[in-house]
Amino acid sequence: MAASAASFFHGLPDAVYIIDPETSRIIDGNEKAHASLGLSRDQLLHESVMSLQTGVQGMPAWSEIAEVIRNQAPYRFLGEHRHADGSAIPVEILTSVQHVDGREYFVSVAREIPERGSSPDEDAGREHWQVLYDIAEGVWDWYPQQERLVFSPNLKSLLGYGPDEMEEVIDTWKENVHPEDRPLVLTKLEDHLAGRRPAFHAEYRLRNRNGHYLWVSDRGRIVLRDDHGKPLRVCGMIHDVTDTKTLELSLQQRADYCSLTGLYNRRRGQELFEKALTACEHEDRPLALLALDLDEFKTINDRHGHQAGDTVLERFGECIRESLPEHAIAMRWGGEEFMIVLPGADPVRAEDFAETLRAAVAGARWPEPLNRSRVTVSIGAALFPRDAGAPGQLISVADQALYRAKHDGRNRVILARPA
């Protein structure tokens with residue numbers, strides 16, 4: 001670079017970065033670029049977009065952004081740069097594509113976004129809603145009759161998109177809601193639009209550009225209707241609650257699950273069993289309850305030690321989870337005893353599943369020295385409504401069938417005898 005050009009480049013008031021599109025590596029930058037980050041020039045050249053930009057994580061995300069840049073340059077992005085001291089610097093970035101000697105480069109110009117002043121003069125003339133766009137974590141503005149859904153720049157940034165991305169239609173949002181959460185979320189929204197709920201509120205998983213899901217709390221309300229009462233405008237705010245939700249789920253996991261087997265503990269399992277039984281009764285559907293007991297488990301503990309016994313319980317839990325059909329409920333009842341609830345299962349389906357699981361356990365490979373000890377399971381089954389109608393009675397009948405399976409030689413399945 002000629003001396004005059006270099007002087008001009010380094011004297012620019014905004015940070016300028018020259019980037020390798022394939023790797024996101026910083027090839028060069030002016031003085032403002034490295035000074036604004038608290039880095040030396042040499043330190044800057046060891047950085048990349050992925051290491052500097054908090055909203056870009058991983059090569060898949062960078063590759064997607066690079067393709068967008070090529071197709072719609074200049075590309076605008078609102079995000080945060082990592083300063084050497086660990087702080088985050090809000091920036092607006094414009095990126096264009098340049099070709100020199102047949103090689104492609106990205107040139108990004110970054111300008112720091114100053115914190116908004118709070119004086120009346122600075123805020124004069126701004127609409128309240130625009131202020132929310134600027135300061136809230138994520139705002140959406142939906143006009144159902146126009147089929148238009150506006151996402152605030154901060155919401156786009158939260159999801160890893162530039163302010164000029166994300167098509168302003170309802171499907172853009174719907175397609176990013178986790179498939180498991182989508183039915184309930186859409187039902188809650190429809191309930192509010194129909195007047196069955198005073199407001200829309202849902203916690204759900206929302207996909208970001210990287211393909212990862214954030215847990216968000218989403219609240220909205222109709223703010224304008226037409227003369228016939230139909231919604232003209234619906235406004236809402238989204239907050240990232242991933243950290244809180246992750247902790248909540250972790251605590252819930254500890255409260256509801258057996259840490260060794262990964263199955264429900266007795267308390268939670270019995271709650272779900274009783275709910276499933278009530279639902280099957282209302283829907284006039286059958287239900288099967290299986291009582292399971294690992295054979296000679298005390299001998300395994302005595303011969304190989306309690307650590308080996310834990311290994312058996314852990315692997316047995318895996319066998320159950322790998323075999324479990326949809327909507328089934330499996331719980332560790334206590335010690336080496338387990339229960340499995342099969343909503344909708346008739347005697348044939350219950351026996352087929354139990355035999356499949358029994359064979360899987362009998363045929364499983366175990367670490368030495370357990371592999372020299374045959375690990376098997378005995379299973380007793382009771383059917384609702386054929387054998388009993390109440391939860392306690394059904395458990396008692398299944399336990400009696402399990403006793404017969406143990407008494408008749410173990411490693412077998414016994415269905416309760418019809419009354």
Side-chain angles (χ1 to χ4, degrees), residues 55 68 71-72 75-79 90 92 113 116-209 211-242 244-245:
V68 174
N71 293 328
Q72 66 175 58
Y75 172 75
R76 188 162 65 103
F77 188 83
L78 297 181
E92 179 180 22
I113 302 173
R116 176 174 304 284
S118 58
S119 71
D121 290 341
E122 289 173 321
D123 291 338
R126 277 190 169 269
E127 294 183 1
H128 176 64
W129 196 247
Q130 184 60 47
V131 174
L132 282 180
Y133 262 55
D134 292 343
I135 66 174
E137 192 170 24
V139 173
W140 51 267
D141 202 354
W142 183 30
Y143 302 85
Q145 296 186 26
Q146 299 177 24
E147 298 183 347
R148 181 175 176 232
L149 176 60
V150 180
F151 307 94
S152 72
N154 284 355
L155 178 52
K156 294 179 181 181
S157 179
L158 175 68
L159 299 177
Y161 292 94
D164 300 321
E165 293 185 271
M166 296 182 69
E167 186 180 1
E168 294 183 341
V169 293
I170 191 72
D171 284 345
T172 300
W173 167 71
K174 285 182 181 179
E175 290 168 5
N176 282 290
V177 177
H178 194 289
E180 293 178 4
D181 301 336
R182 195 177 299 149
L184 180 58
V185 173
L186 295 181
T187 297
K188 288 184 174 182
L189 181 59
E190 288 298 327
D191 283 350
H192 174 54
L193 296 179
R196 292 186 291 270
R197 292 175 183 263
F200 165 69
H201 177 220
E203 280 194 358
Y204 58 90
R205 289 161 288 182
L206 190 62
R207 187 177 60 219
N208 66 11
R209 173 172 230 137
H212 301 142
Y213 283 94
L214 307 175
W215 275 100
V216 299
S217 175
D218 193 351
R219 294 178 181 271
R221 186 186 295 271
I222 298 168
V223 297
L224 186 65
R225 298 179 182 271
D226 64 16
D227 294 338
H228 302 287
K230 293 184 178 180
L232 285 173
R233 186 181 184 189
V234 188
C235 300
M237 298 177 66
I238 282 178
H239 296 283
D240 181 0
V241 295
T242 302
T244 303
K245 194 69 178 180

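When a residue number appears, it is its place in the shown sequence, counting from 1. These figures come from a predicted structure and were not determined experimentally. Only heavy atoms go into these numbers, but all of them, side chains included; no hydrogens, no water, no symmetry mates.
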Chemist: Would you mind reporting whether Arg219 and His239 have side-chain heavy atoms less than 4.5 Å apart?
Modeler: no

Chemist: Can you check side-chain contact (heavy atoms from CB on, under 4.5 Å) on Val139 and Leu155, steps first, answer last?
Modeler: CA-CA 6 Å; Val139 173; Leu155 178 52; over 6 Å; no

Chemist: At their closest point, which heavy atom of Ser217 faces which heavy atom of His201, and how far apart are they?
Modeler: OG-NE2, 3.4 Å

Chemist: So does Glu203 pair up with Lys245, basic N to acidic O under 4.0 Å?
Modeler: yes

Chemist: So, taking the atom named OH in Tyr143 and the one named SG in Cys235, what distance separates them when rounded to the nearest 0.5 Å?
Modeler: 6.0 Å

Chemist: So does Thr172 get a backbone contact from the side chain of Glu175, meaning a donor-acceptor N/O pair under 3.5 Å?
Modeler: no

Chemist: Counting C-beta onward and ignoring hydrogens, is there a side-chain heavy-atom pair between Asp171 and Trp173 closer than 4.5 Å?
Modeler: no

Chemist: Taking ring pair (Phe, Tyr, Trp, His ring centres under 6.0 Å) as the test, write out the residues that go with Tyr213, two or more places apart.
Modeler: His178

Chemist: Measure across Pro198 and Arg221 and return the closest heavy-atom pair with its distance rounded to 0.1 Å.
Modeler: O-NH1, 3.0 Å

Chemist: Quick check: do Phe200 and Asp218 have side-chain heavy atoms less than 4.5 Å from each other?
Modeler: yes

Chemist: So, taking the atom named OG1 in Thr187 and the one named CZ in Arg197, what distance separates them when rounded to the nearest 0.5 Å?
Modeler: 8.5 Å

Chemist: Taking atom CG of Asn208 and atom CG of Asp240, what is their separation to the nearest 0.5 Å?
Modeler: 9.5 Å

Chemist: If you measure from CE on Met237 to CG on Asn154, what distance do you get to the nearest 0.5 Å?
Modeler: 10.0 Å

Chemist: Looking at Glu190 and Arg196, is any side-chain nitrogen of the basic one under 4.0 Å from a carboxylate oxygen of the acidic one?
Modeler: no

Chemist: Go through Arg205 and Glu180 one step at a time and tell me if the salt bridge (charged side-chain N to carboxylate O under 4.0 Å, His left out) criterion holds.
Modeler: CA-CA 9 Å; Arg205 289 161 288 182; Glu180 293 178 4; 3.2 Å; yes

Chemist: Looking only at heavy atoms, which two atoms of Arg182 and Lys174 are closest? And how far apart?
Modeler: NE-O, 3.0 Å

Chemist: Which heavy atom in Phe151 sits nearest to a heavy atom in Val169, and how many Å separate them?
Modeler: CZ-O, 4.2 Å

Chemist: Under a 4.5 Å cut-off applied to non-hydrogen side-chain atoms, are Leu158 and Leu214 in contact?
Modeler: yes

Chemist: Could you give me the CA-CA distance, side-chain angles and deciding distance for Gln145 and Lys230, then say whether side-chain contact (heavy atoms from CB on, under 4.5 Å) is met?
Modeler: CA-CA 9 Å; Gln145 296 186 26; Lys230 293 184 178 180; 3.8 Å; yes

Chemist: With a 4.5 Å heavy-atom cut-off, do Ile222 and His192 have their side chains touching?
Modeler: yes

Chemist: Examine distances only and state if a side-chain atom of Thr242 and a backbone atom of Trp215 form a donor-acceptor pair shorter than 3.5 Å.
Modeler: yes

Chemist: Please enumerate all residues that pass side-chain hydrogen bond (donor to acceptor under 3.5 Å, both in side chains) together with Lys188, with sequence neighbours excluded.
Modeler: none

Chemist: Do Tyr75 and Val68 have side-chain heavy atoms sitting under 4.5 Å apart?
Modeler: yes

Chemist: Does Arg225 CZ have over 12 foreign heavy atoms under 6.0 Å away?
Modeler: yes

Chemist: Could you tell me if the side chain of Val234 sits less than 4.5 Å from the side chain of Val223, heavy atoms only?
Modeler: no

Chemist: Is there a side-chain contact between Pro144 and Gln146 in this structure, where contact means two heavy atoms from C-beta onward sitting under 4.5 Å apart?
Modeler: no

Chemist: Apply side-chain contact (heavy atoms from CB on, under 4.5 Å) to the pair Asp141 and Leu149, showing each step before the final yes or no.
Modeler: CA-CA 6 Å; Asp141 202 354; Leu149 176 60; 6.0 Å; no

Chemist: Under a plain distance cut-off of 3.5 Å, with no hydrogens placed, do Arg209 and Tyr161 share a side-chain donor-acceptor pair?
Modeler: no

Chemist: Just how far is it from atom CD1 of Ile170 to atom CG of Leu189, taken to the nearest 0.5 Å?
Modeler: 6.5 Å

Chemist: Taking only residues two or more places apart in sequence or in another chain, which ones pass side-chain hydrogen bond (donor to acceptor under 3.5 Å, both in side chains) with Glu167?
Modeler: none

